[in-house]
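Some notes on the structure that comes next.
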Amino acid sequence: MSAEQAMKVLVLCGPESSGKSWLSGVIQAHFGGVVVAEYVRHFIDQECRDTCYADIPTIARGQLAWEDRAREQAPPLLILDTHLLSNMLWSHALFDDCPPWLEQALLARRYDLHLLPSPQGVDWVADGQRSQPDLNDRQRFFDDSLAWLKRHHQAHQILEGNWPQRQLRALQAVAMLLNIDAPSCPTEC
């Protein structure tokens with residue numbers, strides 16, 4: 001088996017302000033691996049403006065390029081803070097359209113597990129780039145993410161509860177993915 005075949009690819013996907021980036025760091029600190037950040041955040045920082053529909057292909061290609069560079073390293077665990085599913089859903093949410101090649105590119109790649117944090121039970125935190133303070137909007141994004149994962153038979157686990165509970169469930173899911181002993185619940189669960 002090649003190193004790339006042995007590599008486990010984990011994706012954190014779903015609505016903003018639900019703990020994806022935080023969990024990426026927690027998972028990396030616990031298990032090691034390589035984290036790939038959200039390209040769109042880099043894009044917005046560089047451009048200093050809101051995105052428009054014409055930016056979607058550039059953002060998606062940037063995300064894929066970052067992912068491909070990390071895949072070339074073939075770490076035992078590759079942790080994606082997002083992938084093209086978010087690009088697709090945001091494109092539909094913001095512009096009522098999406099370049100069709102995004103879904104084709106997404107389905108052409110292997111992802112071993114998607115962790116999908118719920119927007120329920122945690123507060124939305126503004127950070128200058130987030131745009132869905134309304135829980136109903138974040139819930140719709142979660143529901144759309146879950147529907148896509150189910151429709152395309154993608155392995156996934158929903159993360160609910162408070163921050164310690166999400167952390168524990170994420171670490172347990174990754175331990176199972178890596179076929180190692182899972183951490184037990186700390187007292188604050």
Side-chain angles (χ1 to χ4, degrees), residues 1-43 45 59-90 101-118 122 142 145-146 148-189:
M1 179 184 305
S2 73
E4 185 175 334
Q5 290 170 322
M7 173 178 62
K8 297 295 184 183
V9 183
L10 173 72
V11 182
L12 288 107
C13 60
E16 63 185 22
S17 206
S18 61
K20 297 183 303 291
S21 298
W22 168 69
L23 285 168
S24 294
V26 166
I27 292 165
Q28 183 186 39
H30 193 85
F31 297 104
V34 172
V35 173
V36 176
E38 274 186 281
Y39 182 84
V40 69
R41 289 184 163 280
H42 167 77
F43 180 88
D45 287 343
I59 293 166
R61 286 187 190 99
Q63 189 69 50
L64 288 174
W66 281 10
E67 180 182 326
D68 287 344
R69 275 197 299 277
R71 282 180 182 266
E72 288 171 3
Q73 298 173 42
L77 178 61
L78 177 58
I79 306 161
L80 306 179
D81 189 347
T82 193
H83 67 1
L84 291 187
L85 177 57
S86 289
N87 298 123
M88 290 169 34
L89 295 178
W90 275 112
W101 68 265
L102 269 70
E103 186 168 53
Q104 295 163 4
L106 181 58
L107 290 171
R109 292 165 177 258
R110 177 184 60 83
Y111 301 102
D112 297 296
L113 178 63
H114 295 78
L115 296 180
L116 177 59
S118 169
V122 292
F142 172 88
S145 299
L146 181 59
W148 189 93
L149 293 169
K150 287 181 174 182
R151 185 169 54 254
H152 294 286
H153 310 287
Q154 299 290 310
H156 64 278
Q157 181 169 332
I158 295 171
L159 302 177
E160 297 175 306
N162 62 29
W163 296 118
Q165 291 166 334
R166 287 167 193 249
Q167 177 177 332
L168 177 65
R169 289 183 182 115
L171 293 176
Q172 289 173 334
V174 176
M176 185 176 289
L177 176 67
L178 298 175
N179 199 27
I180 60 177
D181 289 336
S184 59
C185 184
T187 56
E188 63 267 16
C189 283

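These numbers come from a predicted model, not from an experiment.
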So, do [X] and [Y] sit near enough that their side-chain heavy atoms are less than 4.5 Å apart?
| X | Y | answer |
| --- | --- | --- |
| Asn87 | Tyr39 | no |
| Cys13 | Leu149 | yes |
| Pro76 | Lys8 | no |
| Arg109 | Leu64 | yes |

Query raised in the report: Run the side chain to side chain contact (heavy atoms under 4.5 Å, CB included) check on Val11 and Glu67 step by step: do they pass?
Result: CA-CA 11 Å; Val11 182; Glu67 180 182 326; over 6 Å; no
**Report entry** Check ion pair Lys20-Glu38 (N to O, under 4.0 angstrom)
**Finding:** no
Requested in this report: Using the side chain to side chain contact (heavy atoms under 4.5 Å, CB included) rule, take Val36 and Gln63 through it: C-alpha gap first, then chi angles, then the decisive distance, then the call.
Outcome: CA-CA 9 Å; Val36 176; Gln63 189 69 50; 3.9 Å; yes
Quick one: pull up [atom1] in [X] and [atom2] in [Y] and give me the separation to the nearest 0.5 Å.
| X | Y | atom1 | atom2 | value |
| --- | --- | --- | --- | --- |
| Gln167 | His30 | CD | NE2 | 9.0 Å |
| His152 | Leu85 | NE2 | CG | 9.0 Å |
| Leu113 | Ile79 | CG | CD1 | 11.5 Å |
| Leu146 | Arg151 | CG | CZ | 10.5 Å |

Report summary line: Only residue of Leu80, Ile27, Leu178, Asp112 satisfying side chain to side chain contact (heavy atoms under 4.5 Å, CB included) with Leu10 is Ile27
Requested in this report: Among residues two or more places apart or on two chains, list those pairs meeting salt bridge (Lys or Arg N to Asp or Glu O under 4.0 Å) that have a residue in residues 72-84.
Outcome: none
To check you understand the geometry: which heavy-atom pair defines the closest contact between [X] and [Y], and what is its length?
| X | Y | result |
| --- | --- | --- |
| Val122 | Ser17 | CG2-O, 3.9 Å |
| Val35 | Ser24 | CG2-O, 3.8 Å |
| Gly14 | Ser145 | CA-OG, 3.8 Å |
| Pro15 | Pro117 | CD-O, 3.6 Å |
| Glu160 | Arg169 | O-NH1, 2.7 Å |
| Leu23 | Arg166 | CD2-O, 4.1 Å |

Query raised in the report: Going by the angle between their ring planes, with limits at 30° and 60°, are His42 and Trp66 parallel, tilted or perpendicular?
Result: tilted
Requested in this report: Report the residue from His83, His153, His156 that forms a ring-ring contact (aromatic ring centres under 6.0 Å, His included) with Tyr111.
Outcome: His83
Requested in this report: Return yes if some donor-acceptor pair links the side-chain N/O of Gln157 with the main-chain N/O of Leu115 below 3.5 Å, else return no.
Outcome: no
Query - N/O donor-acceptor pair under 3.5 Å between Gln165 side chain and Asn162 backbone - result: yes
Requested in this report: Might you work through the side chain to side chain contact (heavy atoms under 4.5 Å, CB included) test for Trp101 and Arg61, ending with a clear yes or no?
Outcome: CA-CA 11 Å; Trp101 68 265; Arg61 286 187 190 99; 3.8 Å; yes
Report task. Can you sort out the partners of Phe31 under ring-ring contact (aromatic ring centres under 6.0 Å, His included), two or more places apart, ordered by chain and number? Result -> none
